[in-house]
Amino acid sequence: GAVVSQHPSWVICKSGTSVKIECRSLDFQATTMFWYRQFPKQSLMLMATSNEGSKATYEQGVEKDKFLINHASLTLSTLTVTSAHPEDSSFYICSAREQAYEQYFGPGTRLTVT
Amino acid sequence: TQLLEQSPQFLSIQEGENLTVYCNSSSVFSSLQWYRQEPGEGPVLLVTVVTGGEVKKLKRLTFQFGDARKDSSLHITAAQPGDTGLYLCAGAIAGNTGKLIFGQGTTLQVKP
């Protein structure tokens, strides 16, 4: 149980275009999902908290107009990187919260902006 | 600002050796999770500790939560090459937001 999927697993896009990443909880309902960014050999950096049916809460320094988050249902949250630039290239990981403490992570999406 | 200091950040050992990874904070956490991550994949939950002083074992891995719930440790006995990976501790902050504070991570390499 507690499986989280992400799609796509990797994507290459041109500078200036937008990219959408999906995060799904496959066997449980997640009222809260989280989006992280991770640089090589570094820890996870929380970008935003996504609650079903409400606006996402962004961490300090994260541009909400650039990283659009939608949590339309209890099993799906999406992250759209708008007007992507090479510096947005990174590994993006989502997680879904099932119980009070535990988060289960998706397999990640490798974004490369050329 | 709540911080979780994880050490060491890099560790390279021979197969069969023991090791301990530490996570320390000045803040109290309601729970603490340990994850293991392989390159190009998402973190996989190893264990959650909730009670101060709690000790949990997962085969050769022993996890301990400090009495004051400010620190935790992961001890691996007789490490094997399959233990190689990035180990992350993450503390759940008070309240019900579900947010986790992550340590810097420990990259472990176990040489055969």
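Numbered from 1 within each chain, the chains take letters A, B, ... in sequence-line order. Owing to the predicted nature of the structure, the values given are computational and were not obtained by experimental measurement.
At a heavy-atom cut-off of under 4.5 Å, chain B is reached by A:Phe34, A:Tyr36, A:Gln38 from residues 33-41 of chain A, listed in order of number. Residues of residues 103-112 of chain B placed with any heavy atom under 4.5 Å of a heavy atom in chain A are listed by number as B:Gly103, B:Gln104, B:Gly105. Residues from residues 8-18 of chain B never place a non-hydrogen atom less than 4.5 Å from a non-hydrogen atom of chain A.
Looking at B:Gln6, there are no atoms closer than 4.5 Å to chain A (heavy atoms on both sides), in backbone or side chain. A:Gln60 does not touch chain B: none of its heavy atoms, backbone or side chain, sits under 4.5 Å away. Using a 4.5 Å cut-off between heavy atoms, A:Leu46 contacts chain B through its side chain alone, with no backbone atom that close.
Within 6.0 Å of OH in B:Tyr22 there are 12 or fewer heavy atoms belonging to other residues, nucleotides or ligands. Other residues, nucleotides and ligands place more than 12 heavy atoms under 6.0 Å from the NE2 atom of A:His85. Applying the 6.0 Å contact sphere to NZ of A:Lys66 captures more than 12 heavy atoms from other residues, nucleotides or ligands.
Under the 4.5 Å side-chain heavy-atom criterion for Ile, Leu, Val, Met, Phe, Trp and Tyr, A:Val19 and A:Leu68 are members of distinct hydrophobic clusters. Hydrophobic clustering (ILVMFWY, side-chain heavy atoms < 4.5 Å, transitive): B:Leu46 and B:Phe29 are in one cluster. In the hydrophobic clustering of this structure, B:Leu74 groups with B:Leu32; members are Ile, Leu, Val, Met, Phe, Trp, Tyr whose side-chain heavy atoms approach within less than 4.5 Å, directly or through other members. Side-chain heavy atoms closer than 4.5 Å link hydrophobic residues (I, L, V, M, F, W, Y) into clusters, and following such links, possibly through other members, connects A:Ile69 to A:Leu111. Criterion: ILVMFWY side-chain heavy atoms under 4.5 Å apart, direct or through other members. Under it, A:Met45 and A:Phe91 are not part of a common hydrophobic cluster.
Between B:Gln37 atom CD and A:Ile93 atom CD1 the span is 5.0 Å, to the nearest 0.5 Å.
For the ring pair (Phe, Tyr, Trp, His ring centres under 6.0 Å) test, no residue two or more places apart in sequence or in another chain qualifies with B:Tyr87.
Among all heavy-atom pairs drawn from B:Phe102 and A:Ser43, the shortest one is CB-OG, 3.5 Å. The heavy-atom pair separating A:Gln42 from B:Leu86 by the smallest distance is O-CD2, 4.0 Å. B:Tyr35 approaches A:Gln103 most closely through the heavy-atom pair OH-O, 3.0 Å.
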